[in-house]
Amino acid sequence: MPRRKPSEEEKRRMWSAISKAAMDYHDHHQERGLGVLIAEDAGVKPQSVSEWKSLITAPSDKVLMRLASKYGVSATELAGEESPVHEGLATDEALRLAGELTSTVTKAALPEGSVEQFSAVMDKAHELILQGKGEDEAYGILFRYALAIREQSPQSE
């Protein structure tokens with residue numbers, strides 16, 4: 001489900017969090033040139049980053065996830081919010097937990113799954129962990145997600 005359109009204040013907090021994380025990551029101590037670095041890290045055009053900075057638009061959830069993974073922070077933090085469960089969870093720890101969940105779910109729901117299917121489940125697992133979902137809740141969501149992937153794939157011989 002897409003998130004609602006952020007208010008100007010939410011956009012301001014989001015830009016502040018993204019620029020701080022980017023400065024910390026790149027050891028960059030001035031805002032000049034930062035937009036180009038963020039654009040490269042996010043996989044978007046510099047114009048998009050300029051619109052974030054000017055509070056015209058906000059990055060998508062997918063872009064926030066990409067930046068969070070790159071900068072070693074949670075997507076919730078980059079969205080300018082506090083993470084209720086996994087605040088401060090290191091990216092390595094989030095990835096480890098996402099990997100464990102992915103392995104368990106794909107063995108049960110996608111034993112003959114493709115690399116693309118495994119990657120989709122892993123991306124979803126990482127997203128859920130960064131959203132602050134607990135292991136049990138994330139497992140349930142992932143299991144249903146993997147079953148839906150299996151149902152959508154063509155039957156293999």
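Values below: all heavy atoms of this structure, side chains included; hydrogens, waters and symmetry mates excluded.
- Between the CD1 atom of Ile141 and the CG atom of Asp136 there is a distance of 11.0 Å, given to the nearest 0.5 Å.
- Residue Ala125 comes nearest to Thr102 through the heavy atom pair CB-OG1, 3.5 Å, listed as atom of the first residue, atom of the second, then distance.
- Between the side chain of Ser103 and the backbone N or O of Gly99, no donor-acceptor pair lies under 3.5 Å.
- Contact record, Leu34 with Ala22: CD1-CB, 3.8 Å, taken as the closest heavy-atom pair.
- Of the candidates Val121, Leu101, Ile149, Val121 is the only one forming a side-chain contact (heavy atoms from CB on, under 4.5 Å) with Thr106.
- Between Ala21 and Leu78, the shortest heavy-atom distance links the atoms CB-CD2, 3.8 Å.
- Interatomic distance, Leu142 CG to Glu137 CD, rounded to the nearest 0.5 Å: 10.5 Å.
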Begin from the C-alpha positions of Met14 and Leu64 and carry the test side-chain contact (heavy atoms from CB on, under 4.5 Å) through to its verdict.
-> CA-CA 10 Å; Met14 198 177 299; Leu64 283 176; 4.3 Å; yes

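- Residues Leu55 and Glu8 approach most closely at CD1-CG, 3.7 Å, considering heavy atoms.
- Taking each heavy atom of Phe143 and Ala109 in turn, the nearest pair found is CE1-CB, 3.9 Å.
- Nearest heavy atom pair, residue Pro111 against residue Ala108, reads CD-O, 4.1 Å.
- Between Phe118 atom CZ and Leu110 atom CG the span is 10.5 Å, to the nearest 0.5 Å.
- Ring-plane geometry between Tyr71 and Tyr25 is classed as tilted, the angle between the planes lying from 30 to 60 degrees on a 0 to 90 degree scale.
- No side-chain donor-acceptor contact under 3.5 Å links Arg66 to the backbone of Lys62.
- Residue Lys70 holds its NZ atom at 6.0 Å from NE2 of His26, rounded to the nearest 0.5 Å.
- Considering only heavy atoms from C-beta on, Leu67 stays 4.5 Å or farther from Pro59 through its side chain.
- The backbone N or O of Met65 lies less than 3.5 Å from no partner atom in the side chain of Ser69, so there is not a single donor-acceptor pair.
- The distance from atom CD of Glu77 to atom NZ of Lys20, rounded to the nearest 0.5 Å, is 7.5 Å.
- In this structure, the side chain of Glu40 does not engage the main chain of Leu37 through any donor-acceptor pair within 3.5 Å.
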Decide yes or no on side-chain contact (heavy atoms from CB on, under 4.5 Å) for Trp52 and Val63, but give the supporting numbers first.
-> CA-CA 12 Å; Trp52 304 343; Val63 169; 3.6 Å; yes

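- One N or O on the side chain of Ser19 and one on the backbone of Ser16 form a donor-acceptor pair closer than 3.5 Å.
- With Ser153 contributing its side chain and Arg150 its backbone, the two residues share a donor-acceptor pair below 3.5 Å.
- Judged by distance alone, with hydrogens and angles left aside, the side-chain atoms of Lys11 form a donor-acceptor pair with the main-chain N or O of Ile56 at under 3.5 Å.
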